[in-house]
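Below, chains carry the letters A, B, ... as their sequence lines are ordered, and counting in each starts from 1.
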Amino acid sequence: MHLRHELRRIFSAALSAAAAAGDIPDDSDDLSLTEMVRATTDAKFGDYTATVAMPLAKRAGKPPRQVAEAIIAKLEPGEWFDAPQAPVGPGFINLTVKNEALGRIVAEAAADPRLGVPPVETPSRIVIDYSSPNVAKPMHVGHIRSTVIGDALARILAFRGHEVTTDNHLGDWGTQFGMILWGWKHCRNDTAYADNPTAELGRLYRLVRKAADAKPEELANDPEAAELAAAHPTLARDVLQETARLHEGDEENRTLWASFMPVCQAEIDRVYTRLHVHFDHTLGESFYQPFLGEVVEELLAKEIARESRGAIGIFTDGEEKPPLLIRKADGAFLYATTDLATIRWRMQHWKPDRVLYVVDHRQSQHFRQVFAAAEAWGYGDVDLVHVAFGTVLGEDGRPFKTRAGDTVGLEALLDEGVARALEVVATSQAARAGDAMPVEEQQAIAEAVGIGAIKYADLSQNRATDYVFSFDKMLELKGNTAAYMQYAVARVEGIFTKGGIDREPLREQLKQGEISFSDPRERALALQLARFPEALDEVEADYRPSSLTAYLYEVAGAYSTFYDALPVLKAEGHERTARLALCDLTGQVLRHGLELLGITVPTRM
RNA sequence: GCGCCCGUAGCUCAGUUGGAUAGAGCAUGGGAUUUCUAAUCCCAGGGUCACAGGUUCGAGUCCUGUCGGGCGUACCA
């Protein structure tokens with residue numbers, strides 16, 4: 001049951017009827033008006049409010065309250081809503097959900113595997129491109145936002161009924177491999193490589209990059225890189241040459257590349273396993289390499305691209321602005337070339353309606369140009385969306401780095417989150433009387449809470465702005481954090497365990513009888529639970545998982561208030577059944593909601 | 001220089017696409033546990049929504065300008 005949809009349908013009918021009666025202009029039943037039905041900001045105004053009368057008043061040439069009254073006269077509230085009272089203020093039409101209806105919605109949702117969420121009416125084919133790490137470097141904190149946000153969007157859109165394909169567009173072919181190849185040939189440590197291949201490749205990458213970039217402030221802190229830079233003045237060019245040789249098919253470089261790939265893949269897979277993230281496809285940049293030449297040829301032939309200063313580019317923003325380069329003067333291809341080849345391949349093989357690119361906001365200009373180029377090329381019949389997000393900053397407000405200036409490794413980050421969570425679990429256990437939790441369970445809870453906290457911090461704050469990474473805040477275990485909601489679920493579970501209540505028979509019983517809510521705290525919780533479908537609508541509208549986190553936080557808050565004030569197991573009769581229904585549905589909505597965010601939910605804490 | 005994003009409580013952030021008295025958490029002060037997990041709940045104080053205009057029944061939200069910050073800006077990804 002989707003209350004807001006239902007209400008919009010009711011208003012749409014009322015607007016048509018009022019228009020037919022001549023109370024309001026003929027074109028008053030358009031969609032943008034029925035969208036002016038939304039939840040109230042304050043319970044004293046009822047549950048939902050419609051603001052259609054005010055904009056219509058001008059068109060109708062009548063006072064807004066008179067228009068509101070005309071709409072109310074035509075409104076058939078049906079089985080779910082009470083008939084509206086007279087308009088309020090400038091012309092708000094406020095509606096309240098019938099108490100019996102709310103009871104029925106909760107009972108039905110509790111017994112429904114979809115928890116009352118209807119599938120979308122017209123499913124889309126959606127490709128989501130996210131994570132996309134550079135496999136030559138160890139994953140760091142910068143990768144987590146794309147990975148976590150993309151994974152959550154994939155789960156949510158699939159649950160809504162879309163046909164979702166996820167694809168990890170690995171950076172496995174770029175200049176970074178030139179650095180590794182050069183480093184391998186000049187600076188490798190064979191025993192270190194045998195011992196831990198990715199650590200050694202990572203070391204080579206960092207060393208060569210610093211030496212090649214030759215930034216004085218970096219070299220000052222790294223004598224080895226400084227020495228290397230001094231010994232090889234043409235290093236930056238040599239590195240590019242290694243990359244060029246790889247791209248041209250040089251046998252030695254290809255063989256080395258092929259031997260590096262499996263260890264790099266194993267490294268990132270370990271992280272994905274721990275994050276419970278998986279992809280339908282992992283078609284990295286190297287996969288598109290065979291097509292790049294023909295892509296450039298085709299774009300040249302169609303006169304979409306042309307030569308400029310020795311390179312080949314597409315002038316998406318006119319002659320004066322920098323073009324999108326697709327081939328360098330030295331003949332090498334760029335990531336724009338790969339991105340265009342990727343769009344063509346996906347359109348040919350997957351035929352998506354939409355492609356979401358979950359990538360750092362710093363690349364917005366690049367994507368704008370790539371999307372414009374794709375449209376000029378003839379691939380305009382698809383929604384290409386850059387789902388951008390801000391940079392992760394340290395508590396000093398600067399990009400998140402270790403004290404030595406290196407980026408923080410993702411695995412170390414996860415380890416620290418889990419370690420901190422374990423402290424909290426252990427402390428809480430020690431303070432609690434009664435049956436002690438096995439150590440393995442404490443460890444599993446810490447894993448769920450620690451990693452959940454890190455993921456949730458990213459998801460709940462999904463805006464274009466940068467955000468400040470703070471373990472202390474995300475593991476606060478209060479406020480809008482994963483642990484707060486995980487804890488609410490654990491309290492639900494506690495009730496069913498303690499009461500020895502089996503939920504399946506309860507749900508069967510709920511299907512038969514009627515339940516009702518008398519206490520305002522019960523009602524507030526019930527209404528909040530009924531709004532789950534609306535929260536998921538909002539996630540898709542803007543590709544913002546934070547709409548779901550905000551919703552879940554309100555559910556958990558409403559439940560905590562309810563839980564604190566009203567006994568469940570000690571209640572009797574209908575009251576007990578109604579409260580058990582609320583507990584059951586709260587547990588399911590929170591659990592399912594967190595799982596849609598990729599967050600694990602323990603049964604006790 | 002040009003382009004994109006941002007500026008909301010002491011701090012970290014929300015703000016349902018233009019709606020009613022701008023909300024949370026942290027921090028500060030007060031209160032709640034013989035009762036289902038106190039990792040909780042309840043109450044209080046705290047705001048020129050950077051600034052100035054404009055649009056309209058109504059602006060934190062849209063438009064213009066100013067100030068401040070981040071990012072990008074031709075052969076890295």
Side-chain angles (χ1 to χ4, degrees), chain A residues 35-36 38-42 44-45 49 51 54-55 57-58 63-64 88-92 94 132 134 171 173-176 178 240 243 285 308-313 317 320-330 332 334-336 338-339 360-366 368 388 390-391 393 395 397 424-425 427-428 431-432 434 449 460-461 463-468 470 472-473 476-481 483-484 486-488 490-499 534-535 537-538 541-542 546-547 549-551 553-554 557 560-561 563-571 583 604-605:
Chain A
E35 295 210 339
M36 294 182 157
R38 50 169 56 89
T40 53
T41 46
D42 192 318
K44 75 183 174 201
F45 300 127
T49 190
T51 58
M54 285 82 88
K58 187 140 207 175
V88 186
F92 293 100
N94 295 336
S132 309
N134 223 314
W173 198 246
T175 310
Q176 73 277 15
L240 288 177
T243 312
E285 294 175 336
S308 172
R309 297 187 206 170
I312 295 181
D317 300 308
E320 305 305 313
K321 298 285 170 63
L324 181 72
L325 291 187
I326 57 174
R327 195 167 77 194
K328 301 200 280 185
D330 67 4
L334 294 109
Y335 78 136
T338 312
D339 280 350
D360 198 304
H361 76 286
R362 284 175 290 196
Q363 294 193 36
S364 60
Q365 179 169 305
H366 166 74
R368 199 176 43 70
T391 312
L393 304 177
E395 292 188 63
V424 179
V425 173
T427 309
S428 148
R432 207 172 285 170
V449 170
S460 61
Q461 214 183 290
R463 280 198 86 193
T465 42
D466 299 339
Y467 96 95
V468 177
S470 162
D472 292 335
K473 295 220 164 59
E476 192 61 59
L477 315 180
K478 291 173 196 164
N480 193 4
T481 64
Y484 179 73
Q486 289 167 323
Y487 180 66
R491 290 169 119 190
V492 169
E493 295 292 339
I495 285 181
F496 286 98
T497 306
K498 195 104 174 186
E534 297 170 25
D537 284 354
E538 278 154 26
D542 266 338
S546 59
S547 301
T549 64
Y551 167 77
Y553 181 47
E554 284 184 40
S560 294
T561 301
Y563 180 94
D564 214 67
L566 306 170
V568 176
L569 294 173
K570 286 189 177 169
C583 290
R604 45 177 201 165
M605 287 172 75

- Query: Which whole number of Å gives the distance between the C1' atom of C26(B) and that of A14(B)?
  - Reply: 14 Å
- For Lys58(A) and C57(B), is the shortest distance between a side-chain N/O and OP1 or OP2 below 4.0 Å? yes
- Task: Select one nucleotide: of C36(B), U73(B), A20(B), the one nearest the side-chain heavy atoms of Phe92(A).
- Result: A20(B)
- Task: Would you mind classifying the nucleic acid contact of Asp466(A) as base, sugar-phosphate or nothing, using non-hydrogen atoms under 4.0 angstrom?
- Result: sugar-phosphate
- Task: Let me know the distance between OH of Tyr551(A) and P of U16(B), rounded to the nearest Å.
- Result: 18 Å
- Over how many whole Å does the gap from Asp564(A) atom CG to C41(B) atom P extend? 7 Å
- Query: When we call it a touch if two heavy atoms are under 4.0 Å apart, what does Gln363(A) touch: a base, just sugar-phosphate, or nothing?
  - Reply: base
- Query: Looking only at atom C1', what distance separates U8(B) and A24(B), rounded to whole Å?
  - Reply: 13 Å
- Indicate, with a heavy-atom threshold strictly under 4.0 Å, whether Pro323(A) touches base, sugar-phosphate, or nothing. base
- Task: Find which nucleotide of RNA chain B each of Gly171(A) and Phe496(A) is nearest to by heavy atoms, and output the residue with the more 5' nucleotide.
- Result: Phe496(A)
- Task: Give none if G45(B) has no partner; otherwise give the nucleotide forming a Watson-Crick or G-U wobble pair with it, both distances under 3.5 Å.
- Result: none
- Message: Can you tell me whether the side chain of Asp360(A) and the base of A77(B) have a donor-acceptor pair closer than 3.5 Å?
- Response: no
- What is the distance, rounded to the nearest whole Å, between atom CE of Met36(A) and atom C1' of U61(B)? 14 Å
- Note on the structure: With syn defined as a glycosidic angle within 90 degrees of 0 and anti as anything else, the base of U17(B) is syn
- Which nucleotide in the set A74(B), U40(B), C36(B) lies at the smallest distance from any side-chain heavy atom of Leu325(A)? A74(B)
- Message: Let me spell it out: for each of Ser546(A) and Thr49(A), pick the nucleotide of RNA chain B with the closest heavy atom. Which residue's pick is nearer the 5' end?
- Response: Ser546(A)
- Task: Measure from CZ on Arg604(A) to P on U37(B) and round the result to the nearest Å.
- Result: 11 Å
- Task: Indicate whether OP1 or OP2 belonging to G19(B) is found under 4.0 Å from a side-chain N or O atom of Arg38(A).
- Result: yes
- Message: Ignoring hydrogens and geometry beyond distance, is the side chain of Thr41(A) in donor-acceptor contact with the base of A22(B) at under 3.5 Å?
- Response: no
- Query: So what's U37(B) paired with, Watson-Crick or G-U wobble, going by both distances under 3.5 Å?
  - Reply: none
- Item | Pairing partner of U55(B) (Watson-Crick or G-U wobble, both distances under 3.5 Å) | none
- Message: If I pick the P atom on G25(B) and the same atom on U35(B), what distance separates them, to the nearest angstrom?
- Response: 26 Å
- Which value, in whole Å, describes the distance between the C1' atoms of nucleotides U73(B) and G65(B)? 24 Å
- State which of U40(B), A39(B), G19(B) makes the closest approach to the side chain of Thr51(A). G19(B)
- Task: Please test Arg491(A) against Ser560(A) for side-chain contact (heavy atoms from CB on, under 4.5 Å), starting from the C-alpha separation and ending with a verdict.
- Result: CA-CA 9 Å; Arg491(A) 290 169 119 190; Ser560(A) 294; 3.8 Å; yes
- Message: Classify the ring geometry of His366(A) against Tyr335(A): parallel below 30°, tilted from 30° to 60°, perpendicular beyond 60°.
- Response: parallel
- Query: If you check every side-chain atom of Ser364(A), which of C4(B), A39(B), C76(B) has the closest atom?
  - Reply: C4(B)
- Message: For the C1' atoms, the ones on A59(B) and on G18(B), what distance do you get once it is rounded to whole angstrom?
- Response: 7 Å
- NZ of Lys570(A) versus P of U34(B): gap in Å, rounded? 11 Å
- Message: I want to check something: taking the side chain as every heavy atom from C-beta on, are Phe92(A) and Thr40(A) in contact at a cut-off of under 4.5 Å?
- Response: no
- Rounding to the closest angstrom, what is the interatomic distance between C71(B) and G29(B) at atom P? 38 Å
- Message: Tell me the closest heavy-atom pair linking Cys583(A) and Val568(A), and the distance in Å.
- Response: SG-CG2, 3.9 Å
- Task: Side chain of Arg309(A) only, please: which of A74(B), U17(B), A20(B) is the nearest?
- Result: A74(B)
- Item | Side chain Thr427(A) and base A39(B) donor-acceptor under 3.5 Å | no
- Using both distances under 3.5 Å as the test, list the Watson-Crick or G-U wobble partner of C26(B), or none. G10(B)
- Of all heavy-atom pairs between Gly390(A) and His361(A), which one has the smallest distance, and what is that distance? CA-ND1, 3.4 Å
- Query: What integer number of Å spans the C1' atoms of C43(B) and U37(B)?
  - Reply: 24 Å
- If G1(B) has a Watson-Crick or G-U wobble mate with both distances under 3.5 Å, name it; if not, just say none. U73(B)
- Query: Are Phe45(A) and A20(B) stacked, counting the six-membered base ring, centres under 5.5 Å, planes under 30°?
  - Reply: yes
- Query: With a 4.5 Å heavy-atom cut-off, do Gln461(A) and Asn480(A) have their side chains touching?
  - Reply: no
- Query: Any side-chain N or O of Tyr484(A) less than 4.0 Å from the OP1 or OP2 oxygen of C41(B)?
  - Reply: yes
- Message: Of the options C36(B), A39(B), C41(B), whose atoms approach the side-chain atoms of Ile495(A) most closely?
- Response: C36(B)
- Task: For residues Gly178(A) and Thr243(A), report the shortest heavy-atom separation together with the two atoms involved.
- Result: CA-OG1, 3.2 Å
- Message: Whole angstroms only, please: what is the CE-P distance between Met54(A) and A20(B)?
- Response: 10 Å
- Item | Identity of whatever pairs with U17(B) - Watson-Crick or G-U, under 3.5 angstrom | none
- Message: Under 4.0 Å, heavy atoms only, any strand: does Ala311(A) hit a base, just the sugar-phosphate, or nothing?
- Response: base
- Can you tell me how far C1' of C42(B) sits from CG of Leu566(A), to the nearest Å? 13 Å
- Query: Heavy atoms under 4.0 Å, any strand shown: does Asn94(A) hit a base, just sugar-phosphate, or nothing?
  - Reply: base
- Item | Among C41(B), U37(B), A77(B), the one nearest Tyr335(A) by side-chain distance | A77(B)
- Message: In whole Å, I'd like the distance from the NE2 atom of His366(A) to the C1' atom of A77(B).
- Response: 8 Å
- Is Ser428(A) touching bases, backbone alone, or none of the nucleic acid, heavy atoms closer than 4.0 Å? base
- Note on the structure: Quick note, Tyr563(A) side chain, CB onward, closest among U37(B), A20(B), A39(B) is U37(B)
- Can you find a donor-acceptor N/O pair under 3.5 angstrom joining the side chain of Tyr487(A) to the base of A39(B)? no
- Check every atom of U73(B), C71(B), C36(B) against the side chain of Arg362(A) and return the nucleotide holding the closest atom. C71(B)
- Can you name the nearest heavy-atom pair linking Ala483(A) to Met605(A), along with the distance? O-CE, 4.0 Å
- Item | Distance test, side-chain N/O of Thr338(A) to OP1/OP2 of A77(B), below 4.0 Å | no
- Query: Is Tyr553(A) stacked on the base of A24(B), meaning ring centres closer than 5.5 Å and planes within 30 degrees of each other?
  - Reply: no
- Query: Out of C41(B), C57(B), A77(B), which nucleotide sits closest to the side chain of Pro90(A)?
  - Reply: C57(B)
- Task: Output yes when at least one side-chain N/O atom of Gln461(A) is less than 4.0 Å from OP1 or OP2 of C13(B), else no.
- Result: yes
- Message: Whether Arg491(A) contacts A38(B) is assessed here as follows: a side-chain N or O lying under 4.0 Å from the phosphate OP1 or OP2. Is that the case?
- Response: yes
- Using atom C1' of each nucleotide, how far apart are G47(B) and G7(B) to the nearest Å? 15 Å
